[in-house]
S.K.: 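What follows is a structure written as structure tokens; I'll ask about it next.
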There are 2 protein chains.
Amino acid sequence: MSTTDETRAARPAGRPRSARAEQAIIDATLDLLGEGMNIAELSIEAIAARAGVGKTTIYRRWANKEDLCVDALARLKSPLPELRGESVREDLVAYLEVVVRDSCDARRRCVMSIVMNDAERHPRLVARVRQALIEPRREVLAAVLRRGTATGELRADLDVPVAMAALIGTVTWYMRDAGPDGTTESPAGIAERIVDQLLAGLAPAA
Amino acid sequence: MSTTDETRAARPAGRPRSARAEQAIIDATLDLLGEGMNIAELSIEAIAARAGVGKTTIYRRWANKEDLCVDALARLKSPLPELRGESVREDLVAYLEVVVRDSCDARRRCVMSIVMNDAERHPRLVARVRQALIEPRREVLAAVLRRGTATGELRADLDVPVAMAALIGTVTWYMRDAGPDGTTESPAGIAERIVDQLLAGLAPAA
DNA sequence: CCGATACGCAACTGTTTCGTTTCGTATTTA
DNA sequence: TAAATACGAAACGAAACAGTTGCGTATCGG
């Protein structure tokens, strides 16, 4: 066992890499991406400058921009929505409230726009984000919908893929031209309004 | 009156500008944007090469990249959806079918991503696209929804902004991870399925 | 024909930014 | 202390691009 907390084998001798520098690099990367930068526009120089670090320190750790971004984006993992599981309506509202909150976070919005735009240019990176951030959430929502059709809280013949698109797409689109940043208001209760209108339908009560 | 079809004043004498070159430049610009290029990444050199044109020919016509893009994007105007106006449901299906068709067009998808990403960097350009392409369509949809609440085909207390987000957001989100390009299928009748499920609601018939 | 203008092409200058290398210093193990 | 490695700063050569100019040719009006 070494003198420090390093339990793995022998330390390779020489000055160890600074964990602070590493964190600063990751933070700077996410900052810049969060300010609307492309992967293409993102430059190692800008990251180094923002992090207060020499370019060498970055190149020593990552072979290229994409590797760095993959590592950086993996840190964005946000907790899954906490669902109480008592009523489907309540769970859907809670779920959409998380989506609303996320849509006000510049970092997350920029990450989503990268996922949508650069899928062809950076398939590895986008695949990792999808698998780490998006898929788990989709699965949570799908489970709520399936439960709803089983308990009778949702119609038995529900088209689940369409319903998922309806819930997420509606709130995303609404936030797009309502509160670009959260600058305006994220109208309290928007999640509830959307869920209730989607549950009840646009047509009159028949 | 000149010898040609030019009815405006005297022609300025000298070889007239080639309409073919102009069209080729516009096409090349839209091509490159349609391949996923940013405004920032788009280079005059690339446009000239793609169009089979000298850079001079471009600089003679437009002072800068943004001016060129503004002109190019203005050519994307697509006809408004043809609505028969007999039933609201039928009109909504027709409207969404246009959205589905557009979402399979690479050019349009890239233009939308520019509108979403570069709003701050190119406000003039984005404002023009919004006003020329987006607003007219939104107004058509809003009119259908208002008509529906008046005729009783839609619930009287309909939240119109939410309903618009639901219709457009659902189809957009669905197409996003179903048929990225139209490569797969744009499942026939998806517009109809979405409209019917949104009209009826996710909850059982009560 | 002549003058004027547009055309495509190639060359040029100046700027930016990239990824790499070099250098002097700091920190760790042996 | 000596060897090894990391650090930040600076400089370097290569590449891409902007915007301009010159050249030979093409197309217009008169």
Side-chain angles (χ1 to χ4, degrees), chain A residues 1-29 32-33 35-69 71 121-122, chain B residues 1-29 32-33 35-72 121-122:
Chain A
M1 196 77 69
S2 318
T3 56
T4 69
D5 55 352
E6 192 58 46
T7 177
R8 305 191 34 220
R11 195 185 299 184
R15 178 176 175 176
R17 294 193 180 164
S18 158
R20 270 181 63 256
E22 190 143 335
Q23 188 59 47
I25 294 166
I26 300 269
D27 286 345
T29 305
L32 292 171
L33 288 176
E35 289 168 10
M37 274 196 176
N38 233 337
I39 303 280
E41 293 158 353
L42 189 64
S43 78
I44 300 286
E45 296 217 342
I47 296 172
R50 174 72 64 104
V53 145
K55 283 194 287 180
T56 354
T57 306
I58 299 182
Y59 284 116
R60 192 175 293 118
R61 288 169 164 76
W62 293 277
N64 54 57
K65 222 174 3 181
E66 187 167 326
D67 284 354
L68 168 55
C69 289
D71 277 10
R121 263 178 293 189
H122 304 280
Chain B
M1 194 80 68
S2 316
T3 55
T4 69
D5 55 353
E6 192 60 46
T7 174
R8 306 189 33 220
R11 194 187 298 186
R15 178 174 174 178
R17 294 193 180 164
S18 159
R20 271 181 62 257
E22 189 143 337
Q23 189 59 46
I25 294 166
I26 300 269
D27 285 344
T29 305
L32 292 172
L33 288 177
E35 289 169 10
M37 274 197 176
N38 232 339
I39 303 279
E41 292 158 354
L42 190 64
S43 79
I44 300 286
E45 295 217 342
I47 296 172
R50 174 71 64 105
V53 145
K55 282 195 287 179
T56 5
T57 306
I58 298 182
Y59 283 114
R60 195 175 291 119
R61 287 169 165 78
W62 292 278
N64 54 58
K65 222 177 357 184
E66 188 166 327
D67 285 353
L68 168 55
C69 289
V70 167
D71 278 10
R121 263 177 292 191
H122 303 279

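Lettering follows sequence order; numbering is per chain, from 1.
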S.K.: Closer than 4.0 Å, any side-chain N/O of B/T57 to the OP1 or OP2 of C/dG8?
M.R.: yes
S.K.: Can you tell me the distance, in whole Å, between the CG atom of B/L68 and the P atom of D/dA18?
M.R.: 11 Å
S.K.: Quick one: which of D/dC7, D/dG8, C/dA6 gets closest to the side chain of B/R60?
M.R.: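 Comparing D/dC7, D/dG8, C/dA6 against the side chain of B/R60, the answer is C/dA6.
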S.K.: By nearest heavy atom, map B/K65 and B/G14 onto DNA chain D; which one lands nearer the 5' end?
M.R.: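 Result of the comparison: B/K65.
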S.K.: For residues B/I39 and B/R121, determine if any side-chain heavy atom of one lies less than 4.5 Å from a side-chain heavy atom of the other.
M.R.: no
S.K.: For the pair made of CD1 in B/I58 and P in C/dG8, what is the distance, rounded to whole Å?
M.R.: 9 Å
S.K.: Nearest nucleotide by nearest heavy atom, which residue falls closer to the 5' end of DNA chain C, B/E22 or B/E45?
M.R.: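 First, find each residue's nearest nucleotide; the 5'-ward one identifies B/E22.
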S.K.: Test of understanding: with side chain to side chain contact (heavy atoms under 4.5 Å, CB included), list the residues that count as partners of B/R60, not counting sequence neighbours.
M.R.: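 Only B/R17, B/T56, B/T57 meet the side chain to side chain contact (heavy atoms under 4.5 Å, CB included) criterion with B/R60.
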S.K.: Tell me the interatomic distance from A/Y59, atom OH, to C/dT20, atom P, rounded to whole angstroms.
M.R.: 6 Å
S.K.: Starting from C1' on D/dA15, measure out to CD on B/E41 and report it in whole angstrom.
M.R.: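 Answer to the nearest Å: 17 Å.
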S.K.: Using every non-hydrogen atom in the two residues, find where A/A21 and A/R61 come nearest and quote the distance to one decimal.
M.R.: CB-NH2, 4.4 Å
S.K.: So what does B/R61 hit on the nucleic acid, given a heavy-atom distance under 4.0 Å: a base, only sugar-phosphate, or nothing?
M.R.: sugar-phosphate
S.K.: Please report the distance, rounded to the nearest Å, between CD1 in A/I25 and C1' in D/dC7.
M.R.: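 Rounded to the whole Å, the gap is 11 Å.
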S.K.: With a cut-off of less than 4.0 Å, is there a side-chain N or O of A/R15 near OP1 or OP2 of D/dC7?
M.R.: no
S.K.: Counting side-chain heavy atoms from CB outward, which of C/dG8, D/dA18, C/dT27 is closest to B/S43?
M.R.: D/dA18
S.K.: Whole angstrom is fine here: how far is it from CZ in A/R17 over to C1' in D/dT5?
M.R.: 9 Å
S.K.: Of the nucleotides C/dC7, C/dG19, D/dA18, which one has an atom closest to the side chain of B/I44?
M.R.: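 Closest nucleotide to the B/I44 side chain: D/dA18.
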S.K.: Could you say whether A/A63 or B/A21 is positioned toward the 5' end of DNA chain C, judged by the nucleotide with the nearest heavy atom to each?
M.R.: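 Looking at DNA chain C, the more 5' nearest nucleotide goes with B/A21.
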S.K.: Of the candidate nucleotides D/dG8, C/dT20, D/dT20, which contains the atom at the shortest distance from the side chain of A/K55?
M.R.: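 Of the candidates, C/dT20 comes closest.
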S.K.: Which part of the nucleic acid, if any, lies within reach of A/T56 when heavy atoms closer than 4.0 Å are counted: base, sugar-phosphate only, or nothing?
M.R.: base
S.K.: Between C/dG8 atom P and B/I47 atom CD1, what is the distance in whole Å?
M.R.: 14 Å
S.K.: Any side-chain heavy atom of A/I44 within less than 4.5 Å of one from A/K65?
M.R.: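 Sidechains of A/K65 and A/I44: in contact.
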S.K.: Separation of B/R20 atom CZ from C/dA6 atom P, in whole Å?
M.R.: 17 Å
S.K.: If I take atom CG from residue B/L42 and atom CD1 from residue B/I47, how far apart are they, to the nearest 0.5 angstrom?
M.R.: 4.0 Å
